[in-house]
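Side chains included, hydrogens not; waters and symmetry mates left out as well; all remaining heavy atoms used.
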Amino acid sequence: MADAASLSALVKSLTRDTEERREAVGLLLDLSDLQAVWRRLGRIQGCIVMLVTMLNGDDPIASSNAGKLLNALSSNTQNALHMAEAGYFKPLVHYLKEGSDMSKILMATALSRMEVTDQSRASLGEDGAVEPLVKMFNAGKLEAKLSALNALQNLSNLSENVQRLINSGIVVSLLQLLFSVTSVLMTLREPASAILARIAQSESILVNQDVAQQMLSLLNLSSPIIQCHLLQALNSIAGHRNASEVRSKMKENGVIHLLLPFLTESNMKIRTGALNLLYTLSQHLPEELTEQLGESHLNTIVNIILSSPLETDKAAAVGILSNIPISNKKATEVLKKSNLLPILISMMNSSPSMISNSLAEGVAGVLIRFTVPSDKKLQLLAAQNEAIPLLVKLLSCGSLVAKCRAAAALAQLSQNSVSLRKSKKKSWFCVPPSATAFCDVHDGYCIVNNTFCLVKAGAIPPLIQILEGKEREADEAVLNALATLLQDEIWENGSDYIAKNAGVEAIIKIMETASVKAQEKALWILERVFGVEELRVKYGESAQVVLIDLAQKGDPRLKSTTAKLLAQLELLQFQSSYF
């Protein structure tokens with residue numbers, strides 16, 4: 001029964017019904033005492049795969065016998081590798097821990113080349129593969145180090161294994177390797193930097209306090225592939241929530257100055273890595289960015305937006321520009337001269353369905369710069385480049401951040417609508433304007449590109465729809481935009497228009513869950529709206545429950561305004577102690 005033909009027949013029985021499979025694996029286990037049997041069994045096609053399947057099956061007897069048989073077969077290293085390929089890793093891990101040096105290298109090399117799923121990576125991590133591989137890297141010879149690093153690179157795609165790597169203390173060893181100038185160790189530097197890039201995705205890397213500074217010092221001393229990995233790692237580290245100290249140290253070490261030359265790098269991957277890192281840092285170090293970004297750098301970033309084939313590059317570049325403080329008028333002038341506005345708006349309109357959220361958010365952020373209320377000429381430039389229709393569109397189809405920024409830009413534009421409107425007296429015009437240009441809110445003639453009127457732009461319904469939605473982060477920006485319709489000269493008309501578009505109900509509804517700043521603005525709006533008697537009668541009853549609750553349980557800063565409103569609704573005397 002130990003000859004190849006008989007064994008092949010028995011292996012075929014492993015594919016049949018439950019009873020036959022159980023008998024077949026039991027018989028094979030009995031025969032495995034013969035050395036010839038387990039030597040031949042591993043060579044029979046499908047045998048190990050079927051045994052692993054049975055090991056993981058529902059039949060406890062068959063599973064137990066399959067496990068014993070696999071254990072017997074694993075004394076052969078090739079069989080152990082076949083088992084790993086079939087998803088059973090314990091024999092491979094056993095060799096990594098206790099095998100000969102050659103067996104360890106064989107297993108690590110095989111593991112580095114294996115196409116494994118995240119589930120398999122998890123199994124390998126749980127079975128203890130990471131620790132012996134780290135030991136091989138730290139203590140082994142060159143071949144052992146290389147095979148161990150390549151295997152760890154494969155395993156590090158899983159966050160649980162990244163944590164195991166951090167716990168093993170490998171970060172220090174990897175950095176030491178990158179600083180090494182020994183020619184023999186040069187081949188190890190690329191996989192080492194790749195592993196560091198993966199480890200950096202975990203916030204736990206911050207326990208190594210100087211890791212970012214060490215990576216920065218390596219940037220200009222490394223090959224292009226290693227530079228890419230270091231930039232990825234630095235971007236991950238700089239983006240961690242608790243990395244403020246690390247970012248401060250990076251700032252002290254001149255990180256912006258160090259990165260800017262990479263923007264003209266011919267290697268696209270390096271340029272992308274530098275762009276992404278600059279964008280991450282610009283969110284946290286805007287003042288540092290302002291100091292370092294000269295006219296040539298700004299023009300380089302605009303050129304990337306115009307010419308890069310990668311949308312991720314465009315998004316990062318636009319994001320950097322959106323994070324430059326608005327107070328930097330010199331940057332605004334440079335961006336204006338570089339024709340940034342038509343470039344951005346053309347890009348957004350050319351293929352709107354293909355635009356990513358991050359790119360739309362960046363564009364909306366840049367438009368806040370070009371719509372500051374103190375500069376009507378700049379606002380006019382934005383309007384003439386069709387910025388207003390784009391901003392209105394973002395209110396409906398953008399991400400929450402894009403909606404918030406679009407609302408902020410529209411609010412800035414609308415602040416000047418009253419002063420820019422044309423009187424309805426005909427003496428102002430050589431040719432009388434069309435009746436459709438007349439705006440009931442501004443009580444004059446409004447043309448969107450000249451007076452920035454939110455009513456004529458069709459912005460009010462989508463603004464109110466944001467308030468009617470479930471997410472509250474954009475409320476304050478939306479309320480600021482609506483509040484521009486309630487300026488002193490037009491507040492009654494604005495109140496009526498907001499009410500006609502179901503805005504009053506939406507504002508009352510969000511009062512309980514909005515932020516304190518949004519509540520404050522909502523109370524200001526309601527105070528104006530309830531100045532119109534008809535609206536006070538219509539909406540006062542629905543508002544009073546929310547207002548009473550706010551007066552009793554709300555933020556102390558809102559008590560005075562809330563009390564005034566309750567008095568306006570005749571639910572509280574004006575001399576109340578709430579004042």
Would you please say whether a donor-acceptor pair under 3.5 Å links the side chains of Thr109 and Ser112?
no

Do we see a donor-acceptor contact under 3.5 Å between the side chains of Asn161 and Arg198?
no

Decide yes or no for Leu275 and Leu259: does some side-chain heavy atom of the first lie under 4.5 Å from some side-chain heavy atom of the second?
no

Using salt bridge (Lys or Arg N to Asp or Glu O under 4.0 Å) as the criterion, list what pairs up with Arg40, not counting sequence neighbours.
none

Please check if the side chain of Lys269 supplies one atom and the backbone of Cys228 the other of a donor-acceptor pair under 3.5 Å.
no

Any sub-3.5 Å donor-acceptor pair from Ser308's side-chain atoms to Ile305's backbone N or O?
no

For a side chain to side chain contact (heavy atoms under 4.5 Å, CB included) check, start with the C-alpha distance between Leu142 and Leu185, then their side-chain angles and the critical distance, and finish with the verdict.
CA-CA 7 Å; Leu142 182 63; Leu185 298 175; 4.3 Å; yes

Donor + acceptor pair across side chains of Ser120, Ser123 (<3.5 Å):
no

Output yes when a side-chain donor or acceptor of Lys314 lies under 3.5 Å from a complementary backbone atom of Ile304, and no otherwise.
no

Is any side-chain heavy atom of Met215 less than 4.5 Å from a side-chain heavy atom of Leu175?
yes

Whether Thr264 side chain and Pro261 backbone form a donor-acceptor pair below 3.5 Å:
yes

How far apart are the C-alpha atoms of Glu20 and Ser13, what are their side-chain angles, what is the distance that settles it, and do they pass the side-chain hydrogen bond (donor to acceptor under 3.5 Å, both in side chains) test?
CA-CA 6 Å; Glu20 186 169 344; Ser13 292; 3.0 Å; yes

Which heavy atom of Ser338 sits nearest a heavy atom of Ile343, and at what distance?
O-CD1, 3.9 Å

Mind checking the OH-CG spacing from Tyr88 to Asp127? Nearest 0.5 Å is all I need.
8.5 Å

Are Val11 and Met50 close enough that some pair of their side-chain heavy atoms sits under 4.5 Å apart?
no

In the structure I gave you, are the side-chain heavy atoms of Thr513 and Asp475 within less than 4.5 Å of one another anywhere?
no

Under 3.5 Å, is there a donor-acceptor pair between the Asn150 and Ser147 side chains?
no

Step by step, would you call Met107 with Thr77 a side chain to side chain contact (heavy atoms under 4.5 Å, CB included)?
CA-CA 8 Å; Met107 297 299 155; Thr77 53; 3.9 Å; yes

We want to know whether Asn79 and Ser74 form a side-chain donor-acceptor pair, criterion being a heavy-atom distance below 3.5 angstrom.
no

Gln163 and Asn167: side chain donor to acceptor below 3.5 Å
yes

Do any N or O atoms from the side chain of Arg121 and from the backbone of Leu158 form a donor-acceptor pair under 3.5 angstrom?
no

Under 3.5 Å donor-acceptor, Glu160 side chain and Gly125 backbone:
no

What's the separation between atom CG in Leu178 and atom CG in Leu174, rounded to the nearest 0.5 Å?
7.0 Å

What do the steps show when you test Ser173 against Asn138 for side-chain hydrogen bond (donor to acceptor under 3.5 Å, both in side chains), and what is the final call?
CA-CA 7 Å; Ser173 304; Asn138 284 329; 3.1 Å; yes

Quick one: does any side-chain atom of His94 pair with a main-chain N or O of Ala80 as donor and acceptor, under 3.5 Å?
no

Are the side chains of Ser356 and Glu361 in touch, meaning some heavy atoms are under 4.5 Å apart?
no

Looking only at the side chains, is there a donor atom on one of Gln227 and Ser222 sitting less than 3.5 Å from an acceptor on the other?
no

Testing Asn276, Leu278, Leu298, Leu281 for side-chain contact (heavy atoms from CB on, under 4.5 Å) with Ile320, which one passes?
Leu278

For the backbone of Gly42 and the side chain of Asn76, can you confirm whether one donor and one acceptor N or O come within less than 3.5 Å of each other?
no

Do Asn253 side-chain atoms and Val255 backbone N/O form a donor-acceptor pair below 3.5 Å?
no

Could you go through the side chain to side chain contact (heavy atoms under 4.5 Å, CB included) check for Lys249 and Asp210 one step at a time?
CA-CA 9 Å; Lys249 284 186 179 178; Asp210 296 327; 3.8 Å; yes

Closest approach of Leu106 to Gln78 (non-hydrogen atoms, all atoms of both residues)
CD2-NE2, 4.5 Å

Pair Asp59 + Arg22, salt bridge at N-O below 4.0 Å:
yes

If we only count heavy atoms from C-beta on, is the Leu7 to Leu28 side-chain gap below 4.5 Å?
yes

Audit row: Val363, Leu394, side chain to side chain contact (heavy atoms under 4.5 Å, CB included) steps and yes/no
CA-CA 10 Å; Val363 170; Leu394 287 174; 5.5 Å; no

Do side-chain atoms of Glu265 reach the backbone of Asn267 as a donor and acceptor pair under 3.5 angstrom?
yes

Steps toward side-chain hydrogen bond (donor to acceptor under 3.5 Å, both in side chains) verdict (Ser236, Gln201):
CA-CA 5 Å; Ser236 296; Gln201 292 171 10; 5.1 Å; no

Closest non-hydrogen atoms of Lys97 and Gly128, given as atom of the first, atom of the second and distance, are CE-O, 3.6 Å

Within-4.5 Å side-chain heavy-atom neighbours: Arg369 and Leu335:
yes

Report, as yes or no, whether the 6.0 Å neighbourhood of atom CG on Leu306 holds more than 12 heavy atoms from other residues, nucleotides or ligands.
yes

Checking side-chain hydrogen bond (donor to acceptor under 3.5 Å, both in side chains) for the pair Thr300/Asn303: CA distance, chi angles, key distance, verdict?
CA-CA 5 Å; Thr300 299; Asn303 190 49; over 6 Å; no

Salt bridge or not between Asp101 and Lys141? Use side-chain N to carboxylate O under 4.0 Å.
no

To the nearest 0.5 Å, what is the distance between CG (Leu133) and NZ (Lys104)?
10.0 Å

Between the side chains of Asp313 and Thr272, does any donor sit under 3.5 Å from an acceptor?
yes

Answer yes or no: is there a side-chain heavy-atom contact under 4.5 Å between Tyr279 and Val318?
no

Using distance alone, with no hydrogens and no angle criterion, decide if Ser396 and Gln465 have a side-chain donor and acceptor under 3.5 Å apart.
no

For Ile205 and Ile166, work out which heavy atoms get closest and say how close.
N-CD1, 3.9 Å

